[in-house]
Number of protein chains: 2
Amino acid sequence: MIQKLTEHDREKLQESLATSGQKVTAQREIVFAVLLAKRDHPTVEDVFQRARESMPGLSLATVYNCLETFVGCGLVRQVNHERESTRYCPNLAPHAHFRDEATGHVHDIELPPEIIQSLRSILPPGFNSETIEISFRGRSQETTARSTSN
Amino acid sequence: MIQKLTEHDREKLQESLATSGQKVTAQREIVFAVLLAKRDHPTVEDVFQRARESMPGLSLATVYNCLETFVGCGLVRQVNHERESTRYCPNLAPHAHFRDEATGHVHDIELPPEIIQSLRSILPPGFNSETIEISFRGRSQETTARSTSN
DNA sequence: TTGCAAATTGGAATCATTCCAACTCATTCG
DNA sequence: CGAATGAGTTGGAATGATTCCAATTTGCAA
Ligand SMILES: [Mn+2]
Ligand SMILES: [Mn+2]
Ligand SMILES: [Zn+2]
Ligand SMILES: [Zn+2]
């Protein structure tokens, strides 16, 4: 069962939707809450399963709709790796993605601004890019990185 | 009609295939020639159309098979942008891709080694990446960049 | 020749995503 | 209050790229 949105997050949702003339609905609240609850870059199907625990009548089409709406108003990013299902990420800070081939897990990799700058600088004159996407593929020592483990 | 492979390119094809125990076939030669002839990152369907001009009986399944084989033995790279059809690129030098949203064209962007290095360096310890993919999205002033234009 | 394994082929199956027409629901208007 | 309106939701059908499969065909080797 998904935690309700905090007041702060609900406001962010409300305001982002408002700027593109859209409203908060029960479905959108839950889908957004699902994304914030577990930032593991879930697929649409993942989101659907998790959201249904709180709202059994929710439809897959609506999950697609909500996610598209969120992407449209800049609340979440789409993450694509090769030909796999699209995943969704509510981390708005500039970051790259690392896809672990062994587990399928996708991790956020912080992107220092100077790297973004140097990347922009390799574009020949006349090329104006709105978006840069960087994705790594490989293996990671899936250490669950709790400070005190074992 | 597609130009035949140069002796040099045919050898590259032959050797790359050989290292994974596979043979040169008429279909593979043509598909490879199509990729080399126009380096515009064609889709499977593009390749299919172009190759059929030289070999009318060629099947779409075979184009998929050939391209998969080439990717497997490192002769070409797959290029994915968002959810669009996969494109194929025979440029083996390290490079990024720029997708022009206005035209749909995909351009190669040279990647200086020091950028690749700095990108690798942002990975936290324990993350080993075999592949880095960088793609830009935006507009370009589609100047056909002939030295003497007009 | 004959036999074999690899490659090719056409068509069916898959599956993520998109489309659509009917339905629901909140809000506005009389 | 009701009815009208419009956004949002829903289930199911349609789409389209890719994969799968079983039946040939091919190129070599015995
Ligand atoms: Mn993980
Ligand atoms: Mn171009
Ligand atoms: Zn992310
Ligand atoms: Zn390329």
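Hydrogens, waters and symmetry mates play no part in the numbers below; they use all other heavy atoms, side chains included. Treat the numbers as computed from the prediction; the structure is a model and nothing was measured. Naming: A, B, ... by sequence-line order, numbering from 1 per chain.
Hydrophobic clustering places I134(A) together with I116(A) (ILVMFWY residues linked when any side-chain heavy atoms are closer than 4.5 Å, directly or through intermediates). I122(B) and V106(A) fall into different hydrophobic clusters, defined by Ile, Leu, Val, Met, Phe, Trp and Tyr side-chain heavy atoms under 4.5 Å apart, directly or through other members. When the side chains of ILVMFWY residues are joined at heavy-atom separations under 4.5 Å, either directly or via intervening members, V71(B) and V24(B) end up in a single hydrophobic cluster. At a threshold of 4.5 Å between side-chain heavy atoms, the hydrophobic network of Ile, Leu, Val, Met, Phe, Trp and Tyr places I109(A) and V76(A) in two separate groups. Criterion: ILVMFWY side-chain heavy atoms under 4.5 Å apart, direct or through other members. Under it, V79(A) and L123(B) are not part of a common hydrophobic cluster.
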Look for any protein N or O under 3.5 Å of an N or O in nucleotides 15-20 of chain C and output each such pair with its distance, or none.
residue: dT17(C); atom: OP1; partner: T86(A); partner atom: N; Å: 3.0
residue: dT17(C); atom: OP1; partner: T86(A); partner atom: OG1; Å: 2.9
residue: dT17(C); atom: OP1; partner: R83(B); partner atom: NH1; Å: 3.4
residue: dT17(C); atom: OP2; partner: Y64(A); partner atom: OH; Å: 2.9

Protein N or O to nucleotides 3-8 of chain D N or O, pairs below 3.5 Å:
residue: dG8(D); atom: OP1; partner: K23(A); partner atom: N; Å: 3.4
residue: dG8(D); atom: OP1; partner: R28(A); partner atom: NH1; Å: 3.1

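The CG atom of L58(B) sits 7.0 Å away from the CD1 atom of I30(B) when rounded to the nearest 0.5 Å.
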- Message: For Watson-Crick and G-U wobble pairs within 3.5 Å on both distances, what is DNA chain D written in dot-bracket notation, | included for inter-strand pairing?
- Response: ||||||||||||||||||||||||||||||

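Using a 4.0 Å cutoff on non-hydrogen atoms, the parts of residues 47-59 of chain B near DNA chain C are G57(B), L58(B), S59(B), ordered by number.
Here dT19(D) presents its C1' atom at 14 Å from CG of L67(B), a figure rounded to the nearest Å.
Counting only residues at least two apart or in different chains, ring pair (Phe, Tyr, Trp, His ring centres under 6.0 Å) contacts with residues 81-100 of chain A comprise H41(A)-H97(A), H95(A)-H97(A), F98(A)-F127(B).
For S85(B), the side-chain contact (heavy atoms from CB on, under 4.5 Å) partners are T43(B), not counting sequence neighbours.
Between the side chain of E53(A) and the backbone N or O of M1(A), at least one donor-acceptor pair lies under 3.5 Å. Of the possible polar contacts, none joining the R28(B) side chain to the Q14(B) backbone as a donor-acceptor pair under 3.5 Å is found. Distance alone, capped at 3.5 Å, places no donor-acceptor pair between the R99(A) side chain and the N80(A) backbone.
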- Would D108(B) and R77(B) count as a salt bridge (charged side-chain N to carboxylate O under 4.0 Å, His left out) if you check the C-alpha gap in whole Å, the side-chain angles of each, and the deciding distance to 0.1 Å? CA-CA 12 Å; D108(B) 283 350; R77(B) 281 173 54 183; over 6 Å; no

